[in-house]
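A quick write-up on the structure given underneath.
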Amino acid sequence: MKWKIPYIDLGEQFKKHKTELVSEFERIMNNGDFILRNDVKKFEENMADYLRVKHVIGVNSGTDALYLSTEALGIGHGNEVITTAHSFVATLASITRMGAKPVFVDICDDFNMGVEKVEEKITERTKAIMPVHLNGRACKMSVLDELARKYNILIIEDAAQALGAEYLGKKVGSYGKVGCFSLHPLKSLSCAGDGGFISTNDDKLAEKLRILRDHGQKIKEEFLCFGYNSRLDNLQAAILNVKLRGLEENINRKRAIARRYNEELSLTPLVLPPAPSNGDHFDTYNSYVIRSENRDELYKYLRVSGIEVFMHMAKPLYNYPGLNLDKTRLPMNEKICREVLSLPIYPEMNEEQISYVINSLHKFFRK
Ligand SMILES: *Cc1c(COP(=O)(O)O)cnc(C)c1O
């Protein structure tokens, strides 16, 4: 089906950078520069500058960014990691794969971890807190920072959805021991397939992560440990270096679209995401997620109207039997799962398309 308004339009995005990207492709294909070459190094430097951190390590995916981080930090059997059940499955996989146990706190109405409920979950087994900056909005990091210091525990930020987001003037990914980012096509900055990276200010940890992503080698054929093949491709890095220059503009465009949604939908029965602010929260709107008590009906209505909407994370992760997580009940998490609907939001969306989405929502409630 050809959507009247697709959820995201990567073809339009390509058009903007076509000349530059095609010439980068030719350069790299001609030189055969594919694995850990200069474009990866440049991307890591560019991204470290952007986030204002000491180190960025390019890896295969956001999932690998999380796996390598939990492994490098020694998260393992007997450890607990405090996190949220309202996230993508990879967040929890990076904890359980290392043999540790995720401990859940309920979320708030901005979809993020209720930070004031974290302290009561801390035990002597707690090794880390893993906040997820969902939909491009930062968690309240000041509270977590304080807890991490007080109890001497680590913070691992799952910032996969929140590149560029800030809390109190500091970018996400620069608060914790590590920040884990994804470059998947549905994220604010994306390459041509899978990709990810890790940010940290810790020199030793950065070196360990570089070794882990490249088969345990620091120097070729000198294996210091068993590692992984989890390198960010040089071709992907070159694409990212071009697209990174347009990131801020794209984020600002998405914030402008969110502002229109917030203003023009304010009189509907919908619960809208918190308004963007420049003071405490600088949101990037990786997704624009509305809540409705008639969610299932609204979902069908909008799709029939040609608008590609999604019910992302419509079930708490502890309710998937195959994941074998402890049974629990988190009332806000469950309520939000029943109500969420993600609307199209992408920089290339024009005013007419935004109006069509807004008018369709008004029509639904006038029926
Ligand atoms: C996308 C995402 C990931 C995983 O990233 P990939 O690059 O797809 O592996 C992890 N956590 C969250 C919250 C995500 O949204």
Side-chain angles (χ1 to χ4, degrees), residues 7-8 10 43 47 56-71 75 81-98 102 104-105 107-108 110-113 128-139 141 155-165 172-173 175-176 178-199 209 212-213 228-233 236-237 239-240 243 254 273 283-289 310-318 320 323 333 336-337 340 342 345-346:
Y7 185 67
I8 185 171
L10 294 165
F43 171 72
M47 189 51 80
V56 161
I57 301 104
V59 296
N60 250 337
S61 66
T63 302
D64 275 17
L66 287 161
Y67 277 38
L68 265 56
S69 296
T70 49
E71 178 163 336
I75 307 285
V81 178
I82 299 172
T83 188
T84 145
H86 192 63
S87 183
F88 182 57
V89 67
T91 310
L92 301 190
S94 74
I95 300 167
T96 57
R97 279 266 177 245
M98 302 304 144
F104 301 124
V105 291
I107 50 176
C108 300
D110 70 349
F111 309 102
N112 280 333
M113 169 186 259
I129 306 171
M130 193 183 281
V132 182
H133 307 294
L134 212 66
N135 304 331
R137 181 178 172 87
C139 280
M141 293 307 292
I155 292 179
I156 302 168
E157 293 177 74
D158 182 341
Q161 297 195 2
L163 178 61
V172 304
Y175 272 95
V178 288
C180 303
F181 291 86
S182 167
L183 300 161
H184 177 280
L186 283 180
K187 313 293 159 98
S188 289
L189 177 70
S190 62
C191 52
D194 279 312
F197 63 91
I198 305 165
S199 59
L209 289 164
L212 267 185
R213 77 164 169 189
Y228 298 89
N229 179 354
S230 184
R231 303 164 298 215
L232 177 67
D233 284 334
Q236 300 289 17
I239 292 171
L240 291 161
K243 289 176 74 173
K254 287 216 263 185
D283 296 12
T284 60
Y285 289 95
N286 192 76
S287 328
Y288 187 91
V289 182
F310 285 100
M311 296 186 270
H312 286 137
M313 300 173 197
K315 194 159 136 178
L317 288 167
Y318 54 79
Y320 290 87
L323 300 183
N333 197 330
I336 279 181
C337 284
V340 284
S342 308
I345 186 164
Y346 51 94

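All ligand and atom numbering here is 1-based and tracks the order in the structure. Here the structure is a predicted model, which is why all the values come from computation and not from measurement.
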CE-NE2 distance between M141 and H133, expressed to the nearest 0.5 angstrom: 5.0 Å
For the side chain to side chain contact (heavy atoms under 4.5 Å, CB included) test, which of I75, V81, I129 pairs with I156? I75
Sequence neighbours excluded, the answer for side-chain contact (heavy atoms from CB on, under 4.5 Å) partners of S87 is T91, V132, D158
Return a table of N or O atom pairs, ligand 1 on one side and protein on the other, at distances under 3.5 Å, rounded to 0.1 Å.
unit_1, atom_1, unit_2, atom_2, d
ligand 1, 5 (O), S182, OG, 3.4
ligand 1, 7 (O), G62, N, 2.8
ligand 1, 7 (O), S182, OG, 2.6
ligand 1, 9 (O), G62, N, 3.4
ligand 1, 9 (O), T63, N, 2.8
ligand 1, 9 (O), T63, OG1, 2.5
ligand 1, 11 (N), D158, OD1, 3.3
ligand 1, 11 (N), D158, OD2, 2.8
ligand 1, 15 (O), Q161, NE2, 2.9
ligand 1, 15 (O), K187, NZ, 2.9

For Y320, does the six-membered ring have the charged nitrogen or CZ of K315 within the cation-pi criterion, i.e. under 6.0 angstrom from the centroid and within 45° of the normal? yes
Nearest 0.5 angstrom please: M313 CE to L134 CG, how far? 4.5 Å
Classify the angle between the aromatic ring planes of Y7 and H312 as parallel (below 30°), tilted (30 to 60°) or perpendicular (above 60°). perpendicular
